[in-house]
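Below is one structure, written out as structure tokens; comments come after it.
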Amino acid sequence: MIFMENKHFIRTIIEEDIKSGKHAYPVTRFPPEPNGFLHLGHARAIIMNHALAEEYGGYFNLRFDDTNPVKEDTLFVEAMQADIAWLGCHWKHLLFASDYFETMYQRAMVLVEKGLAYVCDLTAEEVRATRGDLRTPGQNSPYRTRSIAENKTLFKNMRDGHYPDGARTLRAKIDMANPNMNMRDPVIYRIQRAHHHRTGDDWCIYPMYDFAHPLEDAIEGITHSLCSLEFEDHRPIYDWFVKHTDMPDVPRQIEFGKLMIADQVTGKRHIKKLVDAGLVDGWDDPRLITLSGLRRRGVPPQAIHRFIHALGLPKSQGDTDIQMFYEYVRDYLGESARRIHAVLDPVKVVITNYPSDTPETLEAPFHRDAPELGTRKIHFGKELYIEREDFIEAKPNKKWKRWALDVEVRLMHAYFVKAHQVVKDADGVIQEIHATYDKDTQSGSGFDARKPNGTIHFVEAHTAQPVEIRLFEPLLKPSSDPKAPYEARLNPDSRRTVHGFIEGAVIPHPHEAFQFTRIGYFALDPDSQKEAYVFNRVVELKSSFKPTFQNK
RNA sequence: UGGGCUAUGGCCAAGUGGUUAAGGCAUCGGACUUUGACUCCGACAUCGAUGGUUCGAAUCCAUCUAGCCCAGCCA
């Protein structure tokens, strides 16, 4: 597939800033709150922030926005680092907003001294009641006119733990009638005695996002602060805080559209519910689009990069079809994955004219178009397994390119075989297919006296390795009501386990994704034991095969 | 309803007054094929609506419509 770097408006902004001399190079950051696991939606922010910095000679930081101790945990900071590193987006500095708590406090004090912030004694309910609503202006807090001296004392007392949780807040003094709700004297510090994952019990006051975030960016010298669209109307408050706290560096907030994937569970809190309820097997369940779930499923990070870059960085917001993502997974794996034979639903084939009870060994490339991937030994012998759906007793029509009685097909990388009779059980289910092979037709021999009806794959019965294979379907029922709660949309058959075989001489690398020839891409799951492999289906192969009858 | 934002083919998305309206995914034809895969050829839009400005508009103006976000001491 043709792959080109998408043009987008943020690239234009950065180019202009460099040309005008405003910045020598961009400094970007990815600022997650460590309160859950990262998912495919976050990949856009991570990859784009990283790529933009890299591309224009700047650098990219990872900063944990850990200003709310009750929701955050070191478990998440570690998992996020692992996921981002796996994506290959290397950060220059690993930073924590909590490291700036002292600076933030000082800057808030600057606001107090300028008369731009005041300590408010209103309760949370009272603040809500006086904020007004979308079309009604709010009312000034009765504490808005406190003296600067009193505010300084009170704010210091807040920090020193003189008041109970929630008793007071520090608020910015802006405009209670502003049509932008964010400008109506937003709270910038709250009192909350909670154990912070890094600062422990050092603080009992914590800054709010609107105040903390711009300062974090400014402190780090971030030039272009990318965030998603819902923060667009926070930009005035962002700029207000940077300006009035006298920060020397002025970052610019730029908003882009979030990446939304249709019919997928996204949003850290939604995924957390499924995890907590045991409806999925943890944050790395392969049916989830968490980065760790995708990794476990076997999706290569390169595929995620291709997908993200193909989408670009738009300001509009639509629902992307997960199939488009899978296409990029196939795209990358198609050129890089080793191919091997595997049979998921085996039926036995007996080669009646095979002269020996010991299998012979043949050689086959791992990838026809990538010889550097090498070759492997495959076995052929008297007893084989093929895929049940590759055989039908009577060839139904000319388009049938698989096997049938009296039909000759090529067994890939081996010989032509012709089926003569079937053995069925009492229920009429085929147990064995009896066939003969033609020694002259060996793969690579150049034999071309006859054309086979088609090519199917097989494994040799005695050398094949039994494996467990997990087949995934969408976690949510397709086209279920997007407004319904996720719990009600769960697809009961989203995971199926089958037992099949892979060819005998292959030794997978850890986490390796293979192409099971003619079936799809399958990756080794960490549940695998030595000699007892477990494979996850990453994606199926595309197929233009359209059966015009029931093959049962 | 106050404020902010978005609307280009089934999906994603370029385009910022003069182009046959990029590209990817999907779809439909066809070629090739030791994977019904890959690859390769070919087909596939008048730009949310209406009215205006202009020699000329997806691009400018006006009005309208639809969708998203904002009333946490969350981020």
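In what follows, every heavy atom counts, from backbone to side chain, and hydrogens, waters and symmetry copies are set aside. Below, read A as the first sequence line, B as the second, and so on, with proteins coming before strands; counting in each chain starts at 1.
- Atoms CG (A:Leu411) and P (B:rU35) sit 13 Å apart, rounded to a whole Å.
- Between the side chains of A:Asp133 and A:Thr136, a donor-acceptor pair is found at a separation under 3.5 Å.
- Nucleotides B:rC38 and B:rG52 have their P atoms positioned 50 Å apart, rounded to a whole Å.
- At least one side-chain nitrogen or oxygen of A:Ser544 sits closer than 4.0 Å to the OP1 or OP2 atom of B:rA37.
- In this entry the distance linking NE2 of A:His367 with C1' of B:rU39 reads 11 Å, nearest Å.
- Taking 4.0 Å as the cut-off between side-chain N and carboxylate O, A:Lys315 and A:Glu232 count as a salt-bridged pair.
- Among the candidates A:Arg235, A:Gln253, A:Lys258, the single residue satisfying the side chain to side chain contact (heavy atoms under 4.5 Å, CB included) test with A:Cys227 is A:Gln253.
- Residue A:Tyr105 forms a ring pair (Phe, Tyr, Trp, His ring centres under 6.0 Å) with just one option from A:Tyr100, A:Phe211, A:Phe155, and that option is A:Phe155.
- Results of the salt bridge (charged side-chain N to carboxylate O under 4.0 Å, His left out) test with A:Arg402 over A:Glu389, A:Glu408, A:Glu387 single out A:Glu389 as the only residue that passes.
- For B:rG36 and B:rA31, the C1' atoms lie 15 Å apart once the distance is rounded to whole Å.
- Residue A:His457 contributes atom NE2, which lies 17 Å from atom P of B:rU34 at whole-angstrom precision.
- Atom P of nucleotide B:rU16 and atom CD of A:Glu16 are separated by 14 Å, given to the nearest angstrom.
- B:rA57 and B:rU19 have their P atoms separated by 10 Å, given to the nearest Å.
- Base orientation of B:rG23: anti, since the glycosidic angle falls outside 90° of 0.
- Relative ring orientation between A:Tyr206 and A:Phe101 is described as perpendicular, the plane-to-plane angle rising above 60° on a 0-90° scale split at 30° and 60°.
- For B:rU35, its base never sits under 3.5 Å from the side chain of A:Thr455 at any donor and acceptor pair.
- For the C1' atoms, the distance from B:rC32 to B:rA22 is 29 Å, rounded to whole Å.
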Notebook entry, point to check: When you look at A:Phe64 and A:Glu33, which way does the side-chain contact (heavy atoms from CB on, under 4.5 Å) test go after all the steps?
Noted result: CA-CA 6 Å; A:Phe64 287 99; A:Glu33 182 186 22; over 6 Å; no
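- Distance check on atom C1': B:rA13 versus B:rA21 gives 13 Å, rounded to whole Å.
- Counting any heavy atom pair closer than 4.0 Å across all strands shown, A:Gly257 reaches no nucleic acid atom.
- Under the Watson-Crick and G-U wobble criteria, each requiring two contacts below 3.5 Å, nucleotide B:rA43 is paired to B:rU27.
- Residue contacts shown for A:Gln515 include a base, since a base heavy atom lies under 4.0 Å away.
- Both distances falling under 3.5 Å, in either a Watson-Crick or a G-U wobble arrangement, place B:rC68 opposite B:rG4.
- The partner of B:rC60, taking Watson-Crick or G-U wobble pairs whose two distances both stay under 3.5 Å, is B:rG52.
- When the P atom is used for both B:rG51 and B:rC11, the distance is 26 Å, rounded to whole Å.
- One P atom belongs to B:rA49, the other to B:rU8, and the distance between them is 10 Å to the nearest Å.
- Base engagement by A:Arg368 is indicated by at least one non-hydrogen atom pair under 4.0 Å involving a base atom.
- You'll find that the side chain of A:Lys315 is closest to B:rU6, out of B:rC12, B:rU6, B:rU35.
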Next item on the list: Report, as a single string ordered 5' to 3', how protein heavy atoms within less than 4.0 Å touch nucleotides 69-75 of chain B: B base, S sugar-phosphate only, - not at all.
Entry: BBBSBBB
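- The CD atom of A:Glu335 sits 19 Å away from the P atom of B:rU35 (whole-angstrom rounding).
- Pair assignment for B:rA21 gives none, since no Watson-Crick or G-U wobble pairing has each distance under 3.5 Å.
- Across the protein-nucleic acid pair, A:Met48 atom CE and B:rA13 atom C1' stand 12 Å apart, rounded to whole Å.
- Using cut-offs of 30° and 60° for the angle between ring planes, the A:His234 and A:Phe231 rings count as perpendicular.
- Nucleic acid contact for A:Asp319: sugar-phosphate only, since backbone atoms but no base atoms lie under 4.0 Å from a heavy atom of the residue.
- Residue A:Ser443 is classed as a base contact, given a heavy-atom separation below 4.0 Å to a base.
- Nucleic acid contact for A:Lys401: base, since at least one base atom lies under 4.0 Å from a heavy atom of the residue.
- With rounding to whole Å, A:Phe9 atom CZ is found 12 Å from B:rC5 atom P.
- Between the CD atom of A:Glu503 and the P atom of B:rU35 there is a distance of 15 Å, rounded to whole Å.
- The separation of B:rC64 from B:rC70, taken at their P atoms, amounts to 25 Å, rounded to a whole angstrom.
- The aromatic rings of A:His341 and A:His457 sit tilted, their planes meeting at an angle between 30° and 60°.
- Taking CG from A:Asp390 and CZ from A:Arg518, the interatomic distance works out to 4.0 Å, rounded to the nearest 0.5 Å.
- Each of A:Thr320 and A:Gly446 was matched to the nucleotide of RNA chain B holding its nearest heavy atom; the match closer to the 5' end belongs to A:Thr320.
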